[in-house]
Every structure is written in structure tokens, then in C-alpha cells.
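Let me begin by presenting the structure, written as C-alpha cells, before commenting on it.
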Amino acid sequence: MRPLKIALVAGEASGDILGAGLMSALKQQAQAPIEFVGVGGPLMEEQGLTSYFPMERLAVMGLVEILGRIRELTRRRKQLIKDLLAERPDVFIGIDSPDFTLEIELQLRQQGIKTVHYVSPSVWAWRQKRVFKIKQACDLMLTLLPFEAQFYHAHQVPVKFVGHPLADTIALTHDSQPAKQALGLALEQPVIALLPGSRGGEVGKLAPLFIQTADYLTQQQPNLQFVLPAANAARYEQISALLEARSQAQANIQLVQGQSQRVLQASDAVLIASGTATLETMLFKKPMVVAYKLAPLTFAILKRLVKTPYIALPNLLANQALVPEFIQQQATPEHLAKALQQVLAQPEHQTQHFMQLHQGLRKDASNQAAKAVLELL
């Protein structure tokens with residue numbers, strides 16, 4: 001039996017996780033042996049990927065950083081297209097990183113190679129005209145969220161909603177007490193998690209606001225406990241400096257490095273930056289208040305470009321304002337504190353919906369994605 005040759009390209013750690021899960025499922029489902037080539041990280045290599053070069057060469061974040069690496073990225077993409085055309089895989093799967101992978105998909109598809117894109121770019125929210133390039137580049141789009149699939153259906157792009165891998169790995173119910181004990185928190189006092197993001201810029205804008213909100217809340221409810229999980233060592237140092245600089249510290253804020261899932265499990269409510277962490281918070285069934293601040297010019301531009309009525313993923317999934325959102329000037333300690341008090345008093349307003357949304361995303365994503373790829377072949 002002729003082995004299948006499947007090419008995959010992932011550009012960052014989250015893509016490596018998705019790619020490894022997909023590769024494992026493909027090996028289980030396929031009726032033939034599979035040879036994997038392309039670009040991926042250590043998890044994909046463990047599943048048998050022969051990576052043309054280290055995935056880290058594609059992991060670039062931020063406009064300035066991309067500009068500094070644009071020549072290398074362009075050169076690597078051009079070489080990848082040449083290598084993949086020589087390999088003639090049965091299918092090419094671009095995993096996220098759309099600015100890099102969609103052009104590869106377009107070039108390969110024009111040469112008769114089937115192409116799949118796994119994880120939709122936020123084309124439903126802004127730069128919607130990208131859907132026309134996606135339609136040219138992809139034989140199949142695999143989406144993690146149901147409203148993404150609806151957008152592609154409306155634009156006649158072949159699509160399959162496979163569910164979200166996080167919804168598969170996070171349990172439907174949780175006991176908060178073991179997590180509280182592990183963090184050394186008092187079991188009988190409410191815990192509020194503060195998640196100001198993972199990038200230096202957003203932490204610089206939101207962490208001071210979140211700390212001020214905690215201080216403001218503590219003046220009214222002295223028994224509150226706050227935990228702030230720093231995303232990495234750099235963010236830990238950044239936030240430590242902010243905490244030490246307070247002239248009149250009111251709140252009991254425990255800073256930890258990593259452990260974001262444990263902190264979410266321990267929490268009774270969450271103050272969080274808009275982003276994918278809101279989905280994780282929803283899956284842990286924790287009531288939340290969402291805030292975000294951007295540079296004024298960036299906000300003015302995005303306000304004209306973004307087409308969605310909400311910024312928080314739980315609200316987009318529910319298509320209603322389940323979660324309070326505070327953007328720019330509306331994000332004040334007073335507004336955030338009042339909203340947090342309300343969600344602490346009535347958590348079920350959010351959490352009863354979160355269970356339903358979790359079940360809707362729990363589709364066994366890796367196996368669904370593998371099945372769709374093999375059906376395409």
C-alpha cells in the first residue's frame with residue numbers, strides 16, 4: 001500500500017500543539033502509513049514530522065519584529081514552496097499563521113496539490129476581503145468556532161467546524177478547593193483572578209488598571225483575595241515592579257509565575273484582558289469582566305475596521321452580551337469594580353450559559369480534523 005505524504009507547517013507553539021494532535025489522529029484513522037514533512041516544533045517532530053528547519057524561525061510577534069525579519073521569512077516561504085512542489089504531498093495543511101501559510105496554500109493549490117487551512121484567521125471580524133484569497137487558496141477550511149464556519153458557508157468556502165481542542169482537554173466541572181489550597185488561599189474568602197495579558201505592551205496598559213481595581217474593591221470588601229498569574233519571567237518582573245511602586249497598597253495580590261489554569265480553577269471571578277484567555281476562562285465556568293486598552297490611534301483605526309458587535313469570545317459565541325466589556329475610557333477602576341461585584345453576587349448569569357457553550361465546542365477536535373482531511377483525500 002502506497003504511503004500517504006502529508007505536509008504541515010506550523011509557525012508557533014499553539015500550532016505545534018494542534019499539529020501534533022492532528023498527526024496522532026491521522027495515524028490512527030488512516031488505512032495507509034503516513035510520511036509527514038514540513039515545519040513544526042518538538043511535539044510535531046515527536047509524532048514523526050521531518051521539519052525542514054526549526055519552527056522558531058517563523059515565530060515572530062509584533063509589527064516591528066516582523067519588519068526586521070521580512071526578508072528571511074519571504075526567503076524561507078519561497079524555498080518551502082519549491083521544496084513542497086518537489087515533494088508533491090497528497091495534501092498540505094497550514095496551521096494558523098495565515099500571513100505565512102496562505103500564500104503557500106495558494107501556490108501549491110495552483111499546481112494541483114490539495115490544501116487545508118487549520119484555524120481560521122479573524123476574517124469574520126476585520127479585513128473581510130481576505131476571504132477571497134482563502135477561497136482561492138484552500139480546498140478546505142477547518143474552524144475551531146461555529147460562527148467562523150457560518151461566515152465561510154456564506155462565502156461558499158468549503159469548511160468544517162471541528163470544535164476547540166481546549167474544550168476537549170478542560171473538564172466540564174471543577175472543584176476550586178484543591179486549587180485554592182495549592183495556592184495557599186483561604187477557602188472561605190472570595191478569590192478574584194487578574195489576567196492582564198501575556199505581551200509586554202498590553203500588560204503595561206492593563207496591569208496598573210487591574211491593580212487599581214483590586215485596591216478600589218478592597219476598600220469596599222477587605223476580605224477579597226487576588227491572584228495574578230504572570231505569563232512568563234519577563235512579565236513577572238514587569239508586574240512585580242508595578243506592585244512595589246504602589247504608594248498605598250490596599251489589596252492582597254498574590255503574584256505567581258505561570259499556573260494560569262490553576263489560578264482560574266481557584267477563582268470565584270476573573271478580571272481579564274480581551275483575547276483567547278477569555279475562552280479558557282469560559283471553559284472553567286468562571287464569571288468574568290473583560291477590559292482592553294489600545295493606543296488611541298490604533299483604537300481609532302480598528303474601530304473603523306472591526307465588524308463584530310463584541311470583543312469577548314464568550315459574547316461572540318453566545319451572540320449576546322453575557323460578559324461585561326469595558327474598552328478604552330470605559331475601562332476605569334470604578335466601572336470594573338462595580339461589574340466584578342455584580343458577577344460575584346450573581347455568577348450563574350454567566351456560568352449557566354458557559355456550560356452549554358462548552359458542550360457545543362467539545363467535538364473531539366483532532367479526530368474531527370483528521371477525518372475531514374482524509375475525506376478530502
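Computed from a predicted structure; not experimentally measured. Keep in mind that the numbers below use all heavy atoms, side chains included, and drop hydrogens, waters and symmetry copies. Along the sequence shown, residues carry numbers from 1.
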Listing, residues 365-377 side-chain donor-acceptor contacts under 3.5 Å, not counting sequence neighbours, or none:
from: Asn367; atom 1: OD1; to: Gln29; atom 2: NE2; distance (Å): 3.1
from: Asn367; atom 1: ND2; to: Asp364; atom 2: OD1; distance (Å): 3.4
from: Asn367; atom 1: ND2; to: Asp364; atom 2: OD2; distance (Å): 2.9

Output yes when a side-chain donor or acceptor of [X] lies under 3.5 Å from a complementary backbone atom of [Y], and no otherwise.
X	Y	result
Asp215	Gln250	yes
His349	Thr351	no
Gln238	Gly200	yes

Using distance only, find each side-chain donor-acceptor pair of residues 90-97 under 3.5 Å and give its atom names and separation, not counting sequence neighbours.
from: Asp90; atom 1: OD1; to: Arg2; atom 2: NH2; distance (Å): 2.8
from: Asp90; atom 1: OD2; to: Lys5; atom 2: N; distance (Å): 2.8

Go through the structure and list residues passing salt bridge (Lys or Arg N to Asp or Glu O under 4.0 Å) with [X], not counting sequence neighbours.
X	answer
Arg109	Asp139
Glu202	none
Lys114	none

Salt bridge check: are Asp268 and Lys180 linked by an N-O gap of less than 4.0 Å?
yes

Assess the pair Phe151 and His155: is the distance between their ring centroids shorter than 6.0 Å?
yes

Residue list, side-chain hydrogen bond (donor to acceptor under 3.5 Å, both in side chains) with Arg75, at least two apart or on another chain:
none

Pair Ser120, Tyr152 - check side-chain hydrogen bond (donor to acceptor under 3.5 Å, both in side chains), show working.
CA-CA 10 Å; Ser120 170; Tyr152 287 109; 2.7 Å; yes

Take a 6.0 Å sphere around CD of Gln181 and say whether it holds more than 12 heavy atoms from other residues, nucleotides or ligands.
yes

